[in-house]
Amino acid sequence: MEQNIVTTQVSVPRPQWNRSRLVSRIVHLGCGAFHRAHQALYTHHLLEGSDSDWGICEVNLMPGNDEKLIRNLKAQDLLYTVAERSAQTTELKIIGSMKEALHPESDSCDAIIRAMARPETAIVSLTITEKGYCTDAASGELDLNHPFIQHDIAHPQSPKSAIGYIVEALALRRQQGSKAFTVLSCDNVRENGHVAKTAVLGLAIARDPQLAEWIASHVTFPCTMVDRIVPAATEETLAQIADQLGVEDPCAIACEQFRQWVIEDNFVNGRPDWDRVGAQFVKDVVPFEMMKLRMLNGSHSFLAYLGYLGGYETIADTMQNPAYRDAALALMLDEQAPTLSMPEGTDLTGYAEILIARFTNPSLKHRTWQIAMDGSQKLPQRLLDPIRLHLAKGENYRHLALGIAGWMRYVSGVDEKGNSIDVVDPLAAQYQAIYQQYPSIEERVRALLAIDTIFGHDLSDNSDFIEHVTAACQQLHRMGARAAVASLRN
Ligand code: NAI
Ligand code: CS2
């Protein structure tokens, strides 16, 4: 390959440092869209501006496209393109922080566990989606009945879950007398480090209580707040990048220009100086996580369900409707911001305004359908935690209630025009069964609210909550999503 890739418009520099200096000190599980545009990019910028040797061993555990991505990365020398897009411009970067890439099918489970157990591996980071933790979304506890977890208890050396890989690799390190590694969750899960810890310890206890004790005293699980809007790449995205780059890159990804990473500074085996390239290390990251999960992700889910039902394909399209835009802002400022306890000086109004501008970026084709995915895993931290706080104080939460109603209508699998919706969610079959069994809105609401793993007992039995969600569902059925959102202005 040439030193630089020359495109029609610009020359996109290949990494200028000697990539042989990289050591796989990070093993990352979940080399999806987000990781490539976030943690791998921060690490790339650090390599660019220092003599750091922190490289990443990329691992995907899921089959299909995730396996194909690992093969494609290997075929192009682990280099790939990130296209950072504002409304007007696109900047291409060739990212060079990856050292290796592994998948259980093309490599082996054992190769992955050995990579995680190598003494130089100091961090195992994760972007495995909310469901990858195999926890109950409402309680955050490990679901010991999860098929992957049952498998991993019976066959620890050939795990299926990310949690199983971590526990097995730590068992090996303990046996070898190696230092532990830090487990760094970068998923949109509330108190993501604590959830990762609960899941890892839950599985370790089921396997070997002494191992669990060793993990509890040797491993840290810092919480992180991660932010960058990175939609799944479509054929169109890849074609646009190829046009600009002059060569095809099946591993390319487009994202917004904004990025943020707030990390609890609690590492047991060293860490890269990501703060030199824009990350923040702090003592307590939880307030920032809550702010982002409720204000950004909460309004994203609201816009995704009600936008999809209103006939909008992307978030930017939805934001073109002033009623949705106003509703998103009111949701953030009136119903999410008041539930937060932020460090003094935090400007939540300014934060909300920036979010509105980010959602409006027309270059990001972020599909409402993509964000609507996996609602069972997302609602608790995005919409339900704040509702609990409003219920306790007797406050109004009508935007949040309409968001829940939007989710309920969405998971029926039929849109307002009678077309079917491809509902992607671990509980999709359960939703279908509920819609088939119960004919009335009231019964359906009650049956959906009875799903404990989403709502917990407290909300399923709360009469105020049942009443408000039922009323919002009735309104949604009566007038449709666009009018229901517009009615929030009254
Ligand atoms: P993606 O679909 O491109 O990648 C998902 C990754 O998770 C893949 O590597 C897949 O192999 C892995 N995965 C899925 N289910 C798994 C399981 N059960 N066990 C182990 N690995 C599993 O999605 P994307 O966009 O990379 O997002 C991943 C996560 O990153 C999100 O769920 C979210 O928590 C977080 N995130 C995403 C942002 C975005 O804008 N895309 C921004 C901030 C956080
Ligand atoms: C989105 C997030 O897919 C979703 O559920 O809400 O991935 C969102 O784009 C990111 O969290 C932004 O940082």
Side-chain angles (χ1 to χ4, degrees), residues 28-41 58-70 73 101-105 112 124-135 137 143 146-149 151-152 159-166 185-190 192 195-196 199 224-234 251 253-256 258-262 288-289 291-305 307 314-315 328 354-355 358-359 361 364 366-375 377-379 381-383 407 424-426:
H28 182 79
L29 308 185
C31 180
F34 177 56
H35 169 74
R36 277 176 281 149
H38 194 268
Q39 303 91 51
L41 177 133
E58 299 291 346
V59 177
N60 265 340
L61 300 174
M62 294 292 114
N65 283 338
D66 293 332
E67 191 269 333
K68 194 165 158 199
L69 180 81
I70 296 292
L73 281 170
L102 300 171
H103 191 277
E105 283 166 30
I112 296 168
V124 170
S125 55
L126 308 169
T127 48
I128 51 176
T129 79
E130 294 83 346
K131 60 188 175 299
Y133 293 81
C134 305
T135 49
D143 176 6
H146 191 291
F148 282 10
I149 298 300
H151 169 97
D152 294 355
K160 281 199 192 296
S161 74
I163 303 302
Y165 275 92
I166 293 173
S185 166
C186 297
D187 274 296
N188 282 330
V189 173
R190 64 160 116 67
N192 49 14
V195 169
T224 63
M225 181 267 246
V226 286
D227 192 7
R228 173 165 245 189
I229 297 176
V230 189
T234 58
C251 307
I253 194 78
C255 60
E256 64 178 337
F258 181 94
R259 61 181 156 95
Q260 191 175 11
W261 197 5
V262 188
F288 298 96
E289 276 194 271
M291 174 185 82
K292 191 254 172 175
L293 287 171
R294 293 183 191 168
M295 291 186 63
L296 188 160
N297 297 110
S299 51
H300 237 187
S301 289
F302 174 94
L303 291 167
Y305 295 118
T314 67
I315 293 292
I354 291 170
L355 293 180
R358 290 170 63 197
F359 290 177
N361 182 348
L364 292 180
H366 205 181
R367 294 176 68 194
T368 46
W369 174 82
Q370 186 192 346
I371 299 163
M373 216 180 266
D374 288 346
Q377 316 293 305
K378 295 176 177 175
L379 295 188
Q381 60 274 26
R382 296 180 180 205
L383 303 179
W407 167 78
V424 179
D425 192 301

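Values below: all heavy atoms of this structure, side chains included; hydrogens, waters and symmetry mates excluded. We count ligands from 1, going down the list as the structure has it; atoms in each ligand are counted the same way.
R228 places no side-chain N or O within 3.5 Å of a backbone atom of Q260 that could act as its donor or acceptor partner. A donor-acceptor pair is defined here as one N or O able to donate and one able to accept, closer than 3.5 Å; such a pair exists between the side chain of Q370 and the backbone of A232. Between the side chain of D152 and the backbone N or O of S161 there is at least one donor-acceptor pair closer than 3.5 Å. In this structure, D187 contributes its side chain and T129 its backbone to a donor-acceptor pair below 3.5 Å. With hydrogens and angles disregarded, no donor-acceptor distance shorter than 3.5 Å links the side chain of D66 to the backbone of N60. When atom types are taken as modelled, the side chain of K378 and the backbone of I371 share a donor-acceptor pair closer than 3.5 angstrom.
Neither the backbone nor the side chain of E256 comes within contact range of ligand 2; no heavy atom lies under 4.0 Å. Of the heavy atoms in H38, none comes closer than 4.0 Å to ligand 1.
When hydrogens are left out, the protein atom nearest atom 6 (C) of ligand 1 is T127 O, 3.5 Å; that is the closest non-hydrogen contact. Residue, atom and distance of the protein heavy atom nearest to atom 5 (C) of ligand 1 are T129 CG2, 3.7 Å. Considering only non-hydrogen protein atoms, atom 6 (O) of ligand 2 sits nearest to H300 ND1, 2.8 Å. Looking at atom 9 (O) of ligand 1, its nearest protein heavy atom turns out to be N60 OD1, 2.6 Å. Scanning all protein heavy atoms for the shortest distance to atom 4 (O) of ligand 1 gives G32 CA, 3.4 Å. Considering only non-hydrogen protein atoms, atom 17 (C) of ligand 1 sits nearest to M62 CE, 3.5 Å. The single protein non-hydrogen atom nearest to atom 2 (C) of ligand 2 is N297 ND2, 3.5 Å, given as residue, atom name and distance. Looking from atom 11 (O) of ligand 2 to the surrounding protein, the closest heavy atom is K292 NZ, 2.6 Å. Considering only non-hydrogen protein atoms, atom 41 (N) of ligand 1 sits nearest to V230 O, 3.1 Å. The shortest contact between atom 7 (O) of ligand 2 and any protein heavy atom is with N188 ND2, 3.8 Å. The single protein non-hydrogen atom nearest to atom 27 (O) of ligand 1 is F34 CB, 4.0 Å, given as residue, atom name and distance.
Note that atom 2 (O) of ligand 1 has no protein non-hydrogen atoms nearby, at separations under 4.0 angstrom.
Considering backbone and side-chain N/O of D187, one or more are found under 3.5 Å from N/O of ligand 1. The N/O atoms of K292, backbone and side chain alike, include none that comes under 3.5 Å of an N/O atom in ligand 1. Looking at ligand 2, you won't find any N or O of R358 less than 3.5 Å from one of its N or O atoms. When only interatomic distances are considered, the shortest N/O to N/O separation between R228 and ligand 1 falls below 3.5 Å.
Annotation: side chain of C31 is in contact with side chain of L69 (closest heavy-atom distance under 4.5 Å). Side-chain contact check for N361 versus R358: every heavy-atom pair is 4.5 Å or farther apart. I70 places none of its side-chain heavy atoms less than 4.5 Å from the side chain of L102. Contact annotation: the side chain of K292 approaches that of N297 to within less than 4.5 Å [non-hydrogen atoms, C-beta and beyond].
When L303, D374, D227 are ranked by how near their heavy atoms come to atom 13 (O) of ligand 2, first place goes to D227. One option in G64, S185, G132, A33 has a heavy atom closer to atom 18 (N) of ligand 1 than any other, and that option is G132. Summarising the contacts of atom 22 (C) of ligand 1 with I128, D66, I371, the nearest heavy atom is found in I128.
For the pair C31 and ligand 1, a heavy-atom separation below 4.0 Å is found.
Near H366, meaning under 4.0 Å from any of its heavy atoms, are these atoms of ligand 2: 9 (O). Within ligand 1, the atoms closer than 4.0 Å to a non-hydrogen atom of I229 are 40 (O), numbered from 1 in the order shown. Atoms of ligand 1 found under 4.0 Å from any heavy atom of G30, numbered from 1 in the order shown, are 9 (O). The ligand atoms of ligand 2 that sit less than 4.0 angstrom from a heavy atom of K378 are 3 (O), 4 (C), 5 (O).
At most 12 non-hydrogen atoms from other residues, nucleotides or ligands lie less than 6.0 angstrom from NZ of K160.
The line from NE2 of H38 to CZ of R259 is 8.0 Å long, rounded to the nearest 0.5 Å. Atoms CD1 and CG, from I229 and L296 in turn, are 5.5 Å apart once rounded to the nearest 0.5 Å.
The distance between the ring centers of H366 and F359 does not fall below 6.0 angstrom.
Note on ring orientation: taking the six-membered ring where Trp is involved, the planes of H35 and H28 are parallel (angle under 30°, cut-offs 30° and 60°).
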